[in-house]
Number of protein chains: 2
Amino acid sequence: MVSIKDIAKRAGVSISTVSYALNGNDKVTKETAAKILQAAEELNYVPHAAARLLKTKKSNMIGIFLTDFEGNFYGNLLQGVKEYVSSKGYDLLVCSGPQSRRLISERMIDGAIILDATFSDEELLQYANNGHKAVVLDRELQHPHINQVLLDNKAGATLAIEHLIEQGHDNIYAVSGPAGSYDALQRLRAVHQAIERVPGLTFTVLPGDFTKSSGEAAAQRIAAEYTRPAAVFCLNDEMAIGVYRYIRTHTDLVIGKHIHLVGFDNTELAQFIEPRLTTIDYSMPKWGALASEQLIKMLGGEPVENERIYVTLVQGASVTAATGT
Amino acid sequence: MVSIKDIAKRAGVSISTVSYALNGNDKVTKETAAKILQAAEELNYVPHAAARLLKTKKSNMIGIFLTDFEGNFYGNLLQGVKEYVSSKGYDLLVCSGPQSRRLISERMIDGAIILDATFSDEELLQYANNGHKAVVLDRELQHPHINQVLLDNKAGATLAIEHLIEQGHDNIYAVSGPAGSYDALQRLRAVHQAIERVPGLTFTVLPGDFTKSSGEAAAQRIAAEYTRPAAVFCLNDEMAIGVYRYIRTHTDLVIGKHIHLVGFDNTELAQFIEPRLTTIDYSMPKWGALASEQLIKMLGGEPVENERIYVTLVQGASVTAATGT
DNA sequence: AAATGGAATCGAAACGTTTCGATGAACCAT
DNA sequence: ATGGTTCATCGAAACGTTTCGATTCCATTT
């Protein structure tokens with residue numbers, strides 16, 4: 001491979017001069033610089049990233065860590081991150097799986113964005129203690145090298161439940177999320193609070209894990225004990241889709257009439273399914289962009305504050321007013 | 001940062017012995033190895049990837065390059081790639097955007113999977129000439145360092161058109177893909193061939209670019225000139241969804257009755273939309289897994305053959321038999 | 001004409017590994 | 001005891017950069 005050394009030879013200068021010229025250092029004369037650049041061009045030189053990283057300790061790459069690639073959940077988030085970081089001259093690496101953690105510890109990336117429950121808090125604190133910077137999207141963690149950009153789960157869940165109550169529903173279900181999930185915990189907590197504010201409600205929590213099939217299982221239970229219209233808050237859209245699927249294929253009940261449904265995330269599917277799913281919306285690209293902005297500021301040594309992503313309720317026909325009593 | 005040198009000091013051995021021990025080389029005695037491993041443990045040693053890469057010229061990372069992250073198209077493909085490569089001890093980096101190309105040229109990754117029309121053929125051949133290995137998913141390219149794993153576009157498009165014809169349709173539209181797309185070109189070519197085989201059909205090609213909004217535009221034209229049932233083959237599902245959206249919100253026509261629709265890709269949305277979209281299905285995870293398998297074989301110097309991903313027709317209610325004449 | 005200063009260039013060390021060839025110690029057979 | 005093997009360990013070079021401090025050269029000042 002052609003290296004800086006080859007350029008030096010061809011241009012008749014020393015290695016260090018080549019390095020300076022290539023990096024646009026103004027110590028080097030216009031003419032020598034031109035000569036060097038031309039030689040580099042002729043030799044088809046490309047720098048060796050690893051060598052440079054070894055010396056400078058800066059890779060200009062940031063990594064985002066996801067639990068998996070499945071579902072269409074992440075697309076817009078990634079897009080937001082990508083656009084921001086590339087505008088700042090960084091590259092984005094999307095990583096998933098336990099193996100990929102070495103990118104952090106082995107200093108291949110300058111910073112990380114974490115949306116991956118398979119990282120433990122201790123692990124992240126450990127990285128932070130070793131000087132690695134991170135922005136976390138799925139937990140709260142206090143450390144000078146860690147910043148948080150979190151969804152306003154509490155507001156979202158409150159909006160969802162209050163909407164159901166306002167529509168006159170008093171037979172309410174919540175379909176929960178997986179055990180370790182911070183988002184699920186926050187949402188569920190807000191649900192309980194909202195429920196407690198209104199006396200006289202029937203309220204049931206059903207287990208769930210954010211997958212379609214757990215939504216189906218919940219729907220099965222709801223259908224089995226059906227006596228009067230039920231209002232169901234699924235802690236994410238994915239499970240709500242599962243509810244649609246089960247209710248449609250296994251029962252005569254109708255979504256928006258017998259089963260009233262609210263989700264969380266406003267995924268693409270939520271917009272296209274009939275009747276349109278009432279759900280909690282927030283801007284994925286903005287979430288990603290904000291997270292990367294915070295991270296890059298941290299890398300530059302700027303102080304940052306924790307941030308929050310605001311949410312709104314979007315109404316579809318999956319929830320209608322309760323009829324009579 | 002703690003390096004191999006610190007371990008050497010603490011364990012009272014030379015640097016090279018540490019390196020051997022850490023790499024499990026059996027030249028080194030069990031006892032010294034244990035001593036070294038323990039020292040490494042105590043010091044909380046992590047290897048420095050860049051240094052190793054500089055020396056060994058092997059990063060154990062492979063990159064997959066995508067045009068963008070939008071849509072839910074890629075999730076399952078990535079999942080397939082990820083699972084295969086991590087089973088082989090590689091890390092997967094998902095990359096998008098012009099910046100990320102430097103991961104290839106600067107040898108950060110050992111090989112690349114390309115599904116990104118923004119790479120030109122010349123560019124890829126250039127990489128290959130420089131010794132970089134790649135598997136391409138979206139074009140045909142002859143080079144000893146390049147392998148192809150392609151969808152059977154021709155079979156898919158033929159299935160789609162022949163299905164419409166079998167159902168008795170004779171007023172047929174195709175909504176095309178973006179100009180530079182290999183997949184679109186292949187599909188369209190097969191469409192023409194299938195159409196020509198049957199005399200007496202009305203056939204129109206409408207422009208499209210694989211986005212929902214181009215599907216909507218096509219639907220607008222179809223609706224405007226509507227006189228009798230139309231059978232539409234959208235070259236991907238995304239555009240078919242656009243057709244649904246337009247037809248539903250702007251016309252009184254009914255999908256599966258007035259407008260008969262076939263897509264390509266069998267996306268998640270296609271399965272949930274009503275009526276279910278008739279479309280061409282193939283296994284995304286398998287596509288990804290096969291591509292990575294080929295790539296890793298190439299990296300190991302094994303010979304590989306180009307591969308093809310087979311497709312099938314899945315029928316939904318978006319196409320029904322043409323009524324009478 | 002000599003001394004001074006600044007600018008351009010250079011040499012060498014360093015980053016953290018791997019790996020080749022050399023060194024030395026311990027063992028065995030004669 | 002001697003020489004020959006084997007085996008564990010070591011020293012040093014190398015990978016391709018960056019960057020500090022030293023050197024050279026030229027022009028300016030006295």
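Predicted model only: the values in this text are computed from it and were never measured. Within every chain, numbering begins at 1; the chains are lettered A, B, ... in the order of the sequence lines, protein sequences first and strands thereafter.
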Exercise: do D91(B) and N60(B) side chains pair donor with acceptor under 3.5 Å: no
Within residues 34-50 of chain B, residues whose heavy atoms come under 4.0 Å of DNA chain D: none
Test item: F69(A) and L92(B) side chains (from C-beta on) under 4.5 Å apart, heavy atoms: yes
Interatomic distance where CD1 belongs to I15(A) and P belongs to dA13(C) [whole Å]: 13 Å
Touch class at under 4.0 angstrom, heavy-atom based, for S3(B) against every strand present: sugar-phosphate
Sugar-phosphate, base or nothing in reach of T56(A), heavy atoms under 4.0 Å: sugar-phosphate
Proximity of F65(B) and F119(B) rings by center, below 6.0 Å: yes
Under 3.5 Å side-chain donor-acceptor pair for D183(A) and S181(A): no
Report all interatomic pairs (protein N or O, nucleotide N or O of nucleotides 20-25 of chain C) with separations under 3.5 Å.
from, atom 1, to, atom 2, distance (Å)
dC20(C), N4, Y20(B), OH, 2.5

CA sep, side-chain torsions, deciding dist, call: L299(A), Y90(A), side-chain contact (heavy atoms from CB on, under 4.5 Å): CA-CA 11 Å; L299(A) 295 179; Y90(A) 282 82; 3.8 Å; yes
Of the listed nucleotides dT17(C), dC15(D), dA13(C), the one nearest the side chain of K55(A): dA13(C)
Closest-nucleotide 5' rank along DNA chain D - winner of T17(A) and A51(A): A51(A)
Degree of bending, the helix from dA1(C)-dT30(D) to dT30(C)-dA1(D) (end axes from five pairs; round to 10°): 60°
CA sep, side-chain torsions, deciding dist, call: N236(B), D265(B), side-chain hydrogen bond (donor to acceptor under 3.5 Å, both in side chains): CA-CA 6 Å; N236(B) 76 351; D265(B) 285 340; 4.6 Å; no
